[in-house]
2 protein chains.
Amino acid sequence: MLTDLVSNFFCKPPKVNFLMSSTTKTLELLSHFSVARPEIGLTQFCRLALRDKATTYRHLQSLETAGFIEQNPMTKAYRLGPALLQLAETREATVPRKSAALPPLHALADATGETSHVAVISGTTVYGLVSCESPQHGIRAIMDLDTFPLHATASGLCALAFGPAQLLDVACENLHGFTAATPPDRATLVDLIASIRQSGFGQADRTYEDEVKGVSAPIFDQTGNLAGTVAVACVASRFTPELERAIKRNLITASRAISRNWGGTIPASIEAAWANSTTLHMNELDTAS
Amino acid sequence: MLTDLVSNFFCKPPKVNFLMSSTTKTLELLSHFSVARPEIGLTQFCRLALRDKATTYRHLQSLETAGFIEQNPMTKAYRLGPALLQLAETREATVPRKSAALPPLHALADATGETSHVAVISGTTVYGLVSCESPQHGIRAIMDLDTFPLHATASGLCALAFGPAQLLDVACENLHGFTAATPPDRATLVDLIASIRQSGFGQADRTYEDEVKGVSAPIFDQTGNLAGTVAVACVASRFTPELERAIKRNLITASRAISRNWGGTIPASIEAAWANSTTLHMNELDTAS
DNA sequence: AACAACGGTTCAATATATGAACCGACGATA
DNA sequence: TATCGTCGGTTCATATATTGAACCGTTGTT
């Protein structure tokens with residue numbers, strides 16, 4: 001039949017494989033699953049992954065033998081598999097991040113009345129760990145991300161400012177513009193990072209979504225390195241100086257608490273930056289009023 | 001240096017790769033993590049996986065870029081990564097197995113006073129989903145398995161009896177003997193399966209661990225196929241006929257409830273087998289007494 | 001200072017992944 | 001009921017990505 005020619009045409013890759021191992025390509029398939037797209041058929045996978053059918057099929061088989069996906073016997077479509085539950089359980093049992101972050105996060109969301117979340121830095125990626133929506137407002141900033149763009153979110157910028165230096169290069173390789181305010185180039189990013197280092201808070205002013213402002217603080221673990229971030233995402237129209245002060249005050253509390261639960265402490269330099277920037281902030285207000 | 005020759009010697013594979021994709025080999029590395037072994041170094045991985053250092057290193061890198069593992073910055077050892085948490089969350093959000101199984105499972109453990117667990121069948125593997133230890137007894141059967149051997153556990157045998165036919169071949173490919181009572185060959189297994197089909201209950205009498213007897217029942221989902229098993233693992237010395245009756249009665253309840261929660265129902269043939277075998281059981285008792 | 005163990009890297013050899021074409025089944029359409 | 005499009009899955013020659021022996025630099029031990 002000729003029809004496969006057509007369907008293959010739409011699946012063909014842009015003929016450039018950026019030094020990717022076949023395993024990496026295979027594991028990338030998993031990222032196409034989400035709550036909104038829980039089952040994916042073979043052909044649909046081809047389109048999503050921009051690979052041909054035979055390759056995609058074999059990749060899916062590998063994932064299936066590992067228990068990472070399974071086939072719905074009715075629809076023949078693939079969905080996430082049960083092996084993930086066990087691995088996740090082992091991870092959380094041995095490196096309890098989520099459970100240790102939840103209580104301070106809830107307190108933060110309650111105190112600020114805004115959507116709050118915690119992310120973990122692993123390698124050069126910022127993964128969303130858990131988010132907590134305060135029921136206080138009808139309109140809330142919704143952050144349903146799997147990974148946070150380094151250059152466009154408060155958490156990402158916080159990682160750039162306080163994480164390993166190589167992150168900046170990674171960020172600059174993908175400066176996707178989400179809004180008009182997204183940092184467009186390395187220079188802008190470097191300036192932003194400098195001011196974040198000074199204040200001790202990550203800030204993202206409508207850089208990822210219009211009408212959403214984010215403020216974040218770093219989290220450290222027993223290694224002494226940056227291990228994650230805690231952030232508040234706030235509908236921009238509600239973002240008053242008073243709210244900002246409250247958010248920062250509570251972020252400090254949350255960051256200290258989660259860091260302690262993760263086995264780390266806040267470095268003196270950041271404590272100093274916080275002390276400095278929050279009093280500075282007050283001075284600004286005093287001058288303004 | 002000559003030392004790598006030595007370390008490589010101990011890592012060398014038995015020179016037979018059973019038609020495994022590199023991805024499958026890579027994902028197999030993850031199975032070496034457990035609560036007891038949460039962090040694994042490169043060299044240790046080589047020994048566990050029986051592969052050489054370069055290959056293992058590349059595999060680990062693939063897993064790391066996918067966020068499935070991360071390196072402890074202090075020890076350089078690898079541990080499970082944060083991406084697993086998200087995938088597991090998506091899986092459970094879209095295919096809620098665990099949360100839907102928990103309430104009936106707790107009821108089962110409470111009613112029987114024995115360790116109970118639920119497993120899911122995916123492909124040709126029986127994955128442990130959740131287990132529940134009744135606090136009633138000091139001595140409990142502990143089932144801390146990731147996957148259940150098909151031929152040697154009540155859950156596995158239940159899968160063989162009520163799952164897809166191909167499972168039997170898979171089971172016969174690995175008839176590892178755990179105890180003196182482990183079914184040693186296909187013929188024994190076939191007999192066992194036949195009696196399980198008749199009674200509607202999987203049974204494993206010290207086939208996996210000495211002093212542990214297991215009884216299981218099948219779980220079905222909306223596809224009408226076997227989707228999992230619910231089982232009670234019991235210290236053999238406590239296993240009286242009365243306890244067996246109680247276990248079976250409560251297994252039926254649990255199996256019906258979990259199947260309903262998973263979107264399925266118990267096939268009439270199995271309901272009939274249950275009715276038949278439980279009354280038969282009583283008759284036996286009557287005759288005996 | 002010598003040694004061993006570790007994490008990580010190199011390069012030739014080749015085992016393994018790849019994709020165009022193909023197949024059979026299904027469902028919609030007309 | 002004949003036609004078409006789409007789907008999941010399979011084949012095989014080709015070529016590319018994986019492999020492992022040997023190597024390197026560092027660290028900690030004796």
Side-chain angles (χ1 to χ4, degrees), chain A residues 1-29 39-65 69-79 123 166 223, chain B residues 1-29 39-65 69-79 123 166 223:
Chain A
M1 313 215 171
L2 288 173
T3 53
D4 272 10
L5 276 174
V6 180
S7 62
N8 278 335
F9 173 76
F10 286 112
C11 301
K12 284 287 286 297
K15 201 56 194 172
V16 56
N17 292 347
F18 285 110
L19 220 88
M20 261 186 174
S21 72
S22 86
T23 300
T24 302
K25 285 181 276 184
T26 301
L27 293 180
E28 264 194 354
L29 292 177
E39 294 201 350
I40 306 178
L42 172 58
T43 306
Q44 197 182 350
F45 253 130
C46 294
R47 283 192 286 257
L48 289 169
L50 300 178
R51 319 215 106 73
D52 92 330
K53 213 167 11 166
T55 302
T56 306
Y57 180 64
R58 278 187 301 264
H59 287 174
L60 290 171
Q61 282 195 315
S62 297
L63 290 173
E64 193 173 18
T65 63
I69 59 172
E70 64 183 6
Q71 251 186 316
N72 183 331
M74 306 185 84
T75 63
K76 293 277 184 185
Y78 299 88
R79 64 186 181 205
Q166 49 159 333
T223 68
Chain B
M1 310 215 174
L2 287 173
T3 54
D4 272 10
L5 277 174
V6 179
S7 62
N8 278 336
F9 173 77
F10 287 113
C11 303
K12 282 289 286 300
K15 202 56 193 172
V16 56
N17 292 347
F18 284 109
L19 220 88
M20 262 184 171
S21 72
S22 87
T23 302
T24 302
K25 285 180 275 184
T26 301
L27 293 180
E28 264 194 355
L29 292 178
E39 294 201 350
I40 307 178
L42 173 57
T43 307
Q44 197 182 351
F45 252 129
C46 294
R47 283 191 286 256
L48 290 169
L50 300 177
R51 317 212 110 69
D52 91 330
K53 214 169 8 170
T55 303
T56 305
Y57 180 64
R58 278 187 303 264
H59 287 174
L60 290 171
Q61 281 194 317
S62 299
L63 290 173
E64 193 173 18
T65 63
I69 60 172
E70 64 183 8
Q71 251 185 317
N72 184 330
M74 304 185 84
T75 63
K76 292 277 185 185
Y78 299 89
R79 63 187 180 204
Q166 49 159 332
T223 69

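Quick note on labels: first sequence line is chain A, next is B, and so on, each numbered from 1.
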Check the distance between C:dA17's P and A:Leu63's CG and give it to me in whole angstrom.
13 Å
Has B:Arg47 got a side-chain N or O lying under 4.0 Å from the OP1 or OP2 atom of C:dC6?
yes
Under 4.0 Å from OP1 or OP2 of D:dG20: is there any side-chain N or O of B:Thr55 that close?
yes
Between the OG atom in B:Ser22 and the NE2 atom in B:His59, the distance rounded to the nearest 0.5 Å is 5.0 Å
Would you kindly check whether a donor in the side chain of A:Arg58 faces an acceptor in the base of D:dG9, or vice versa, at under 3.5 angstrom?
no
Separation of A:Asp52 atom CG from D:dT14 atom P, in whole Å?
17 Å
By nearest nucleotide on DNA chain D, pick out whichever of A:Thr75 and A:Thr23 is the more 5' one.
A:Thr75
A:Leu60 has an atom CG; how far is it from atom P of C:dG19, in whole Å?
14 Å
Does B:Tyr78 reach a base, just sugar-phosphate, or nothing at all? Heavy atoms under 4.0 Å.
sugar-phosphate
Rounded interatomic separation in angstrom, taking NZ from A:Lys76 and C1' from D:dT6
16 Å
Does a nitrogen or oxygen in the side chain of B:Ser22 sit under 4.0 Å from OP1 or OP2 of C:dA17?
yes
How close do B:Phe45 and B:Leu29 get, heavy atom to heavy atom, and via which atoms?
CE2-O, 3.4 Å
Is any side-chain nitrogen or oxygen of A:Gln71 closer than 4.0 Å to OP1 or OP2 of D:dG9?
yes
Sub-3.5 Å donor-acceptor pair from the side chain of B:Glu64 to the main-chain atoms of B:Ile69, do we have one?
no
In whole angstrom, give the distance that lies between atom CG of A:Leu42 and atom P of D:dT10.
10 Å
Could you state the atom-to-atom distance from CE of B:Met74 to C1' of D:dT27 in whole Å?
15 Å
d(CD1, B:Ile69; P, C:dG7) in whole Å:
12 Å
Under a plain distance cut-off of 3.5 Å, with no hydrogens placed, do A:Ser62 and A:Thr26 share a side-chain donor-acceptor pair?
no
Whichever of A:Ala54 and A:Ala77 has the more 5' nearest nucleotide on DNA chain D, that residue is A:Ala77
Between A:Lys25 and C:dA17, does any side-chain N or O lie under 4.0 Å from OP1 or OP2?
no
Does the C:dG19 base have a donor-acceptor partner in the side chain of A:Lys53 within less than 3.5 Å?
no
Is any side-chain N or O of B:Tyr57 closer than 4.0 Å to OP1 or OP2 of C:dG7?
no
Here the distance between atom P of C:dT18 and atom CE of A:Met20, to the nearest Å, is 11 Å
May I ask you to verify if any side-chain N or O of B:His59 is less than 4.0 angstrom from the OP1 or OP2 atom of D:dT19?
yes
Atom CG in A:Leu27, atom CE in A:Met20: separation rounded to 0.5 Å?
10.0 Å
